[in-house]
2 protein chains.
Amino acid sequence: MPKRRTRLRSHCPVNFGLEAFGDRWALLILRDIVFRGKRSYGEFLASEEGFSTNILASRLEHLVAEGILTRADDVRDGRRAVYSLTEKGLDLIPLLFEMVLWSAKYDRQSEAARIPGLVELIERDNRRVSAELRPLVVQGEAVVRRYVEGGAGAVRL
Amino acid sequence: MPKRRTRLRSHCPVNFGLEAFGDRWALLILRDIVFRGKRSYGEFLASEEGFSTNILASRLEHLVAEGILTRADDVRDGRRAVYSLTEKGLDLIPLLFEMVLWSAKYDRQSEAARIPGLVELIERDNRRVSAELRPLVVQGEAVVRRYVEGGAGAVRL
DNA sequence: GAGGTAACTTGTAAATTGCAAGTTACCGGT
DNA sequence: ACCGGTAACTTGCAATTTACAAGTTACCTC
């Protein structure tokens, strides 16, 4: 994905989404924020899928430009930048959850198996769960942590 | 997206989805099938986003390899190939619908504005609408057509 | 002030994409 | 059977984009 395409290829809703957040790496950043509570360049960089530094930087820039993320300087540490989801970004949670559902069904080895409780909740009512987890995401909590089987913070909505 | 990555980068549900269908062009193919009732190479090629012939071929091959599409020779015309969604592919409809919802909300010029009825139904219950529209998609009907404002075939579920 | 860290930027080779131009098989009409 | 035309690809390259390694700059911590 280049810096920024001059014009959208089309206003088809699917295409619009793809151009805004549909890049592979962009979506992994969003995943890191929502499911893992990550917030900074360095944390994203540590993801197992292996970002290249330049790609990570360009995707962060892109997501900020799209209004899906905001970037702020960390108050406690001047070197750090903190990326957060805007409303527009938070509204992507249901989409991420649908991906989880699909992969849970078709990936025999899916890590979703570790959060059966959450998967079931999403199946039952994605929209509701997404809305209820929003505050947690805003607070920077790793949504997944609460639902890891046998985990300490397991919670039922 | 290369022909086929040797191994998955991870079994994170989001990453799994991305590697299976998350490529920009792959998703546009799925959109063409679900919303526009397209079935053949030539029809996909005519999409306004402009597939390159080699990319289109490689993505179709990839989706078939992933078990999301099947390819069959057209009985009536030996030159044609017909691509259809498998169960695995049909299960992506809710995901496409979530994209529609998001884009309808954030793209001022979204074409989703032409199908307010469908958007509303999806908002109300994505899963149900997806299930009910499945047969139409299987029959190769363009889901969108039924919901175009003022269109002849408008229908309420 | 020295050493280390966070967030990037730059350089470059390798991989992927976008075009344009084939190729092969099949269709429909004559 | 022949012929122009179509459908689905494949191939060859130039232009992008990516992956990786190596900086750079600002800011902590000690």
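Remember, it's a predicted structure, so these values are computed and weren't measured experimentally. A note on names: the letters A, B, ... follow the listed sequences, proteins ahead of strands, and every chain is numbered from 1.
Taking side-chain N and O atoms only, R24(B) has no distance below 4.0 Å to OP1 or OP2 of dT17(D). OP1 or OP2 of dC8(C) sits under 4.0 Å from a side-chain N or O of R71(A).
Projected onto DNA chain D by closest heavy-atom contact, W25(A) and V82(B) fall at different nucleotides, the more 5' of which corresponds to V82(B). Comparing N54(A) and D77(A) by the nucleotide of DNA chain C that holds the closest heavy atom to each, the one mapping nearer the 5' end is D77(A). For S52(A) and G78(A), each mapped to the nucleotide of DNA chain D holding its nearest heavy atom, the one lying further toward the 5' end belongs to S52(A).
Considering all non-hydrogen atoms of both residues, S40(B) and A81(B) come closest at CB-O, 3.6 Å.
Remark: C1' of dT18(D) and NE2 of H62(A) are 16 Å apart, rounded to the nearest angstrom. Look at CG on L45(B): it is 13 Å from P on dT10(D), rounded to the nearest Å. Across the protein-nucleic acid pair, Y41(A) atom OH and dT25(D) atom C1' stand 13 Å apart, rounded to whole Å. The distance from atom CZ of R79(B) to atom C1' of dG28(C) is 8 Å, rounded to the nearest whole Å. Per the geometry, CD belonging to E43(A) stands 16 Å off C1' belonging to dC8(C), to the nearest Å. Taking atom CZ of F44(A) as the reference point, atom P of dC8(C) lies 10 Å away to the nearest angstrom. Spacing between atom CG of D23(A) and atom P of dT16(C) amounts to 15 Å, rounded to whole angstrom units. Atom CG of D74(A) is separated from atom P of dT29(D) by 11 Å (rounded to the nearest Å).
The listed nucleotides are dA6(C), dA21(D), dA8(D); the one nearest the side chain of R80(A) is dA6(C). When distances are taken from the side chain of I55(A) to each of dA19(D), dC9(D), dA22(D), the shortest belongs to dA19(D).
Between F97(A) and the options F35(A), Y147(A), W102(A), a ring-ring contact (aromatic ring centres under 6.0 Å, His included) holds for only F35(A).
When heavy atoms are screened at a 4.0 angstrom cut-off, R76(B) is found touching no nucleic acid atom at all. Residue Y83(A) is classed as a sugar-phosphate contact, given heavy-atom separations below 4.0 Å to backbone atoms only.
Around atom CZ of R114(A), no more than 12 heavy atoms belonging to other residues, nucleotides or ligands sit under 6.0 Å away.
Checked for salt-bridge contact, E123(A) and R127(B) miss the test: no charged N lies under 4.0 Å from a carboxylate O. Remark: R39(A) does not engage E43(A) in a salt bridge, criterion side-chain N to carboxylate O under 4.0 Å.
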